[in-house]
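Remember, it's a predicted structure, so these values are computed and weren't measured experimentally.
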Amino acid sequence: MLHVGLDLSRRRLDVCLLDEAGGLLAETAVPSDADGLRGLAGRLAGHQVRAVIESMNGARFVHDTLEELGWEVLVADAQKVKGLAPLACKTDRIDARVLAELSWRDLVPAIWLPDPSIRRERELARFRSHLVRHRTTLKNRIHATLITFGHPCPVSDLFGLAGRELLDRLEIPEPWRRNVDVSLGLIDDLELQIARLAFELKRLGADHRYIPLLVTAPGFGWINAFTVASEIGDIERFASPAKLCGYTGLCPRVIQSGSTDRRGPLSKHGPRYLRWGLFEASMNACKHPLYAERYQATTRRLGRQRGPKVAQIELSRKLTEAIWHMLTRNQPFAPAGAGIRLAA
């Protein structure tokens, strides 16, 4: 087997090729487009090849293209590669050589890649979240404009019918008036796109085996359940609730050496959209009878500034553990000791 290290940049793909004994055969670079990848595969036609590329934007395109051409391709966790092979001098050529060496030594910290259907689900849910953030930014900008010119907001929803009538009547100088009108038009367009995506997510979620289970847990609606389900992918790859919690990035960093034991901030190693979905669920689940007392106790113990954030993280981990049990057992939310199954 030949071992190939691939380092991807904007314009090219640096390649390092090792033989079965770990000897250097070639170091080169090819264009990072489909033609460049097909040319690279053509040069090594007839050989069994295993390639390694770090996780980054564009790595999945390289992975999919070369796999279709008969290569075995692993995507390595970039952070773990740095831990395995810290470098005093870092160049694209050296990075490619390190990845080839890890393949030859069978030490590649490979990550799990979702199949195309899960990737499509993730893209739909992530793009909806992206549009929601843009909508929120525009709304906040309009509120800031009103504050700038001393206009109070007497209505509960500035972007409802009464709020729109108020915005039309207010005297705001140019160019702020024009900016408000443009922002309102963009908000209307975003609302339409978000509604379309929500409809599509509900349509796809009707056939998803995880979503009907997730919506029985406190704090989960259809949209949030779809986001969490798509980010988790296959629950069978997590051997325990602790493994799933570690994947979410909601566990603190641990640095142990001898008698030293330090706990740092959250690792945040997993998908940020999964953490976002769990945080959103915890904001509603904190009112559920099962979690409310513990949430309030943590908030009181740590104070008003730090307490709510720590309590939300703790509750997110509790929900993650419940999700693991629900999905692995294929059962709705039913906490231990509950006489009946609890629904959100």
**Student:** Starting at CZ of Arg43, measure out to OG1 of Thr28 and round the result to the nearest 0.5 Å.
**Tutor:**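 Here the rounded value is 5.0 Å.
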**Student:** Students often mix this up, so state it plainly: with edges at 30° and 60°, are the rings of His288 and Phe333 parallel, tilted or perpendicular?
**Tutor:**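 His288 vs Phe333 ring planes: perpendicular.
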**Student:** Do Asn179 and Thr145 touch side chain to side chain, with heavy atoms closer than 4.5 Å?
**Tutor:**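 No. Closest side-chain heavy atoms not under 4.5 Å.
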**Student:** How about Leu124 and Arg120: do any of their side-chain heavy atoms sit closer than 4.5 Å?
**Tutor:**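 Heavy-atom side-chain distance check fails, nothing below 4.5 Å.
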**Student:** For Tyr210, is there any backbone N or O sitting under 3.5 Å from a side-chain donor or acceptor partner on His208?
**Tutor:**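 Checked: pair present.
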**Student:** Listing request: all salt bridge (charged side-chain N to carboxylate O under 4.0 Å, His left out) pairs with a residue in residues 272-299, at least two apart in sequence or in separate chains.
**Tutor:**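 Qualifying pairs: Arg294-Glu314.
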**Student:** Could you state the interatomic distance from CG (Leu40) to OG (Ser32), rounded to the nearest 0.5 Å?
**Tutor:**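 One gets 12.0 Å once the value is rounded to the nearest 0.5 Å.
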**Student:** Determine which pairs satisfy salt bridge (charged side-chain N to carboxylate O under 4.0 Å, His left out) with at least one residue from residues 196-217, sequence neighbours left out, and list them in order.
**Tutor:**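 Of all non-adjacent pairs touching residues 196-217, those that pass salt bridge (charged side-chain N to carboxylate O under 4.0 Å, His left out) are Glu200-Arg203.
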**Student:** Look at the side-chain heavy atoms of Ile, Leu, Val, Met, Phe, Trp and Tyr, link any pair under 4.5 Å apart, and say whether Trp104 and Leu107 land in one connected group.
**Tutor:**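 In one cluster with Trp104: Leu107, no.
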**Student:** Once you round to the nearest 0.5 Å, how far does CG of Leu13 lie from CG of Leu37?
**Tutor:**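 If I round to the nearest 0.5 Å, the distance is 6.0 Å.
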**Student:** Given side chains that start at C-beta, do those of Val4 and Leu66 come closer than 4.5 Å, heavy atoms only?
**Tutor:**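 Side chain of Val4 against side chain of Leu66, heavy atoms only: no contact under 4.5 Å found.
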**Student:** Would you check if Trp112 and Pro114 make a side-chain contact, meaning some heavy-atom pair closer than 4.5 Å?
**Tutor:**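 SC-SC contact between Trp112 and Pro114 confirmed.
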**Student:** Could you tell me which non-hydrogen atom of Val155 sits nearest to which non-hydrogen atom of Leu166, and how far apart they are?
**Tutor:**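 Closest pair (atom of Val155, atom of Leu166, distance): CG2-CD2, 4.4 Å.
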**Student:** Test your reading of the model: is there a side-chain donor-acceptor pair from Arg12 to the backbone of Pro31, 3.5 Å cut-off?
**Tutor:**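 No, Arg12 side chain to Pro31 backbone: no donor-acceptor pair under 3.5 Å.
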**Student:** Under the side chain to side chain contact (heavy atoms under 4.5 Å, CB included) rule, what do Arg301 and Thr298 come out as? Steps first, then yes or no, please.
**Tutor:** CA-CA 5 Å; Arg301 177 168 54 87; Thr298 303; 3.9 Å; yes
**Student:** Under a 4.5 Å cut-off applied to non-hydrogen side-chain atoms, are Leu250 and Thr320 in contact?
**Tutor:**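 Leu250 vs Thr320: side chains touch.
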**Student:** Ring of Tyr247, cation from Arg237 - is the NZ or CZ under 6.0 Å from the centre and inside 45° of the axis?
**Tutor:**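 Yes, a cation-pi geometry holds between Arg237 and Tyr247.
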**Student:** Please determine whether side chain to side chain contact (heavy atoms under 4.5 Å, CB included) holds for the pair Leu184 and Phe159, giving the CA-CA distance in whole Å, both sets of side-chain angles, and the decisive distance to 0.1 Å.
**Tutor:** CA-CA 8 Å; Leu184 289 173; Phe159 305 97; 3.9 Å; yes
**Student:** Quick check: closest heavy atoms across Ala59 and Leu8, and the distance to 0.1 Å?
**Tutor:**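 For Ala59 and Leu8, the tightest heavy-atom pair comes out as N-CD2, 4.0 Å.
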**Student:** Under the 3.5 angstrom rule, does the side chain of Thr216 hit a backbone N or O of Pro212 as a donor-acceptor pair?
**Tutor:**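 No; judged by distance alone, with no hydrogens or angles, the pair does not exist.
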**Student:** Taking salt bridge (charged side-chain N to carboxylate O under 4.0 Å, His left out) as the cut-off, I'd like each qualifying pair that reaches into residues 179-189, sequence neighbours left out, listed once.
**Tutor:**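 Non-adjacent pairs meeting salt bridge (charged side-chain N to carboxylate O under 4.0 Å, His left out): Arg164-Asp188, Arg177-Asp181.
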**Student:** Could you work out, with side-chain hydrogen bond (donor to acceptor under 3.5 Å, both in side chains) as the rule, every residue matching Ser103, not counting sequence neighbours?
**Tutor:**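 Expected list: His3, Arg50.
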**Student:** Do you know which two heavy atoms are closest between Cys16 and Ala100, and how far apart they sit?
**Tutor:**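 Minimum heavy-atom contact is O-CB, 3.8 Å.
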**Student:** Indicate yes or no for a side-chain donor-acceptor contact from Arg300 to the backbone of Tyr295 under 3.5 Å, with no hydrogens or angles considered.
**Tutor:**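 A pair under 3.5 Å: no.
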**Student:** Which heavy-atom pair separates Ala125 from Leu201 by the least distance, and what is that distance?
**Tutor:**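 Smallest heavy-atom distance, with atoms named: N-CD2, 4.1 Å.
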**Student:** To check you understand the geometry: which heavy-atom pair defines the closest contact between Leu99 and Gly5, and what is its length?
**Tutor:**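 Taking every non-hydrogen atom into account, CB-CA, 3.9 Å.
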**Student:** Look at the side chain of His151 and the backbone N and O of Glu171, then say whether any donor-acceptor pair between them is shorter than 3.5 Å.
**Tutor:**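 Yes: the side chain of His151 pairs with the backbone of Glu171.
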**Student:** Applying ring pair (Phe, Tyr, Trp, His ring centres under 6.0 Å), can you list everything that pairs with Phe61, at least two apart in sequence or on another chain?
**Tutor:**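 Not a single residue meets the ring pair (Phe, Tyr, Trp, His ring centres under 6.0 Å) criterion with Phe61.
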**Student:** Whether the side chain of Ser282 engages the backbone of Ala285 through a donor-acceptor N/O pair (distance < 3.5 Å, no angle test) should be reported.
**Tutor:**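 Here the side-chain-to-backbone pair does not exist.
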**Student:** Is Trp324 reaching over with its side chain to a backbone N or O of Phe238, donor-acceptor style, under 3.5 angstrom?
**Tutor:**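 Side chain of Trp324 to backbone of Phe238: a pair is present.
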**Student:** Within this structure, what is the CG-CG distance for the pair Leu167 and Leu158, rounded to the nearest 0.5 Å?
**Tutor:**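 The CG atom of Leu167 sits 4.5 Å away from the CG atom of Leu158.
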**Student:** Sequence neighbours excluded, which residues qualify as ring pair (Phe, Tyr, Trp, His ring centres under 6.0 Å) partners of Phe279?
**Tutor:**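 Applying ring pair (Phe, Tyr, Trp, His ring centres under 6.0 Å) to Phe279 gives none.
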**Student:** Quick one, Cys251 and Leu266 - any side-chain contact, counting heavy atoms below 4.5 Å?
**Tutor:**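 A side-chain contact is absent here, since even the closest heavy-atom pair is not under 4.5 Å.
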**Student:** Going by the rule side-chain hydrogen bond (donor to acceptor under 3.5 Å, both in side chains), which residues pair with Arg135 if we only count those two or more places apart in sequence or in a different chain?
**Tutor:**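 Glu191.
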**Student:** Does Tyr273 have any ring pair (Phe, Tyr, Trp, His ring centres under 6.0 Å) partners at least two apart in sequence or in another chain, and if so, which?
**Tutor:**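 Tyr273: no ring pair (Phe, Tyr, Trp, His ring centres under 6.0 Å) contacts found.
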**Student:** SG of Cys286 to CD of Gln312: how many Å apart, nearest 0.5 Å?
**Tutor:**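 Between atom SG of Cys286 and atom CD of Gln312 there are 8.0 Å.
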**Student:** Do Ile313 and Val310 have side chains that get closer than 4.5 Å, going by heavy atoms?
**Tutor:**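 When only atoms from C-beta onward are counted, Val310 and Ile313 do not touch, as no gap falls below 4.5 Å.
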**Student:** Is there any salt bridge (charged side-chain N to carboxylate O under 4.0 Å, His left out) pair reaching into residues 29-41, and which pairs are they, with sequence neighbours excluded?
**Tutor:**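 Only Asp35-Arg38 qualify under salt bridge (charged side-chain N to carboxylate O under 4.0 Å, His left out).
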**Student:** What do you reckon, are the aromatic ring centroids of Trp176 and Phe149 less than 6.0 Å apart?
**Tutor:**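 Judged by ring-centre distance (under 6.0 Å), Trp176 and Phe149 do meet the cut-off.
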**Student:** Look up atom OG1 in Thr137 and atom CD1 in Ile142, then write down how far apart they are to the nearest 0.5 Å.
**Tutor:**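 Output value for this atom pair is 11.5 Å.
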**Student:** Step by step, work out the side chain to side chain contact (heavy atoms under 4.5 Å, CB included) result for Ile53 and Asp7.
**Tutor:** CA-CA 6 Å; Ile53 184 170; Asp7 186 81; over 6 Å; no
**Student:** Taking it one step at a time, do Leu44 and Leu17 satisfy side chain to side chain contact (heavy atoms under 4.5 Å, CB included)?
**Tutor:** CA-CA 10 Å; Leu44 301 178; Leu17 179 62; 3.8 Å; yes
**Student:** Could you tell me whether the side chain of Thr65 and the main chain of Val62 form a donor-acceptor pair under 3.5 Å?
**Tutor:**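 No.
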**Student:** For a salt bridge (Lys or Arg N to Asp or Glu O under 4.0 Å) check, start with the C-alpha distance between Glu321 and Arg317, then their side-chain angles and the critical distance, and finish with the verdict.
**Tutor:** CA-CA 6 Å; Glu321 294 174 0; Arg317 286 198 291 264; over 6 Å; no
**Student:** So, are Asp95 and Arg97 salt-bridged, with charged N and O less than 4.0 Å apart?
**Tutor:**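 Salt bridge between Asp95 and Arg97, a charged N being under 4.0 Å from a carboxylate O: no.
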**Student:** How close do Ile211 and Gly205 get, heavy atom to heavy atom, and via which atoms?
**Tutor:**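 Looking at all heavy atoms of both residues, the shortest contact is CD1-CA, 3.5 Å.
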**Student:** Between the main-chain N or O of Met1 and the side-chain N or O of Glu20, is there a donor-acceptor pair closer than 3.5 Å?
**Tutor:**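 Here the side-chain-to-backbone pair exists.
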**Student:** Excluding sequence neighbours, so at least two apart, what forms side-chain hydrogen bond (donor to acceptor under 3.5 Å, both in side chains) with Arg169?
**Tutor:**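 Here no residue qualifies.
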**Student:** Name all residues meeting the side-chain hydrogen bond (donor to acceptor under 3.5 Å, both in side chains) criterion together with Arg126; count only those two or more places apart in sequence or in a different chain, and write none if there are none.
**Tutor:**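 In terms of side-chain hydrogen bond (donor to acceptor under 3.5 Å, both in side chains), with neighbours along the sequence ignored, Arg126 is linked to Glu231.
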**Student:** Any ion pair linking Arg119 and Glu123 (charged N to carboxylate O, less than 4.0 Å)?
**Tutor:**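 The answer is no: the pair does not qualify as a salt bridge.
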**Student:** Name each donor-acceptor pair under 3.5 Å that joins a side chain in residues 70-78 to protein atoms two or more places apart or in another chain, with its distance.
**Tutor:**
| residue | atom | partner | partner atom | Å |
| --- | --- | --- | --- | --- |
| Asp77 | OD1 | Gln79 | N | 2.9 |
| Asp77 | OD1 | Lys80 | N | 3.3 |

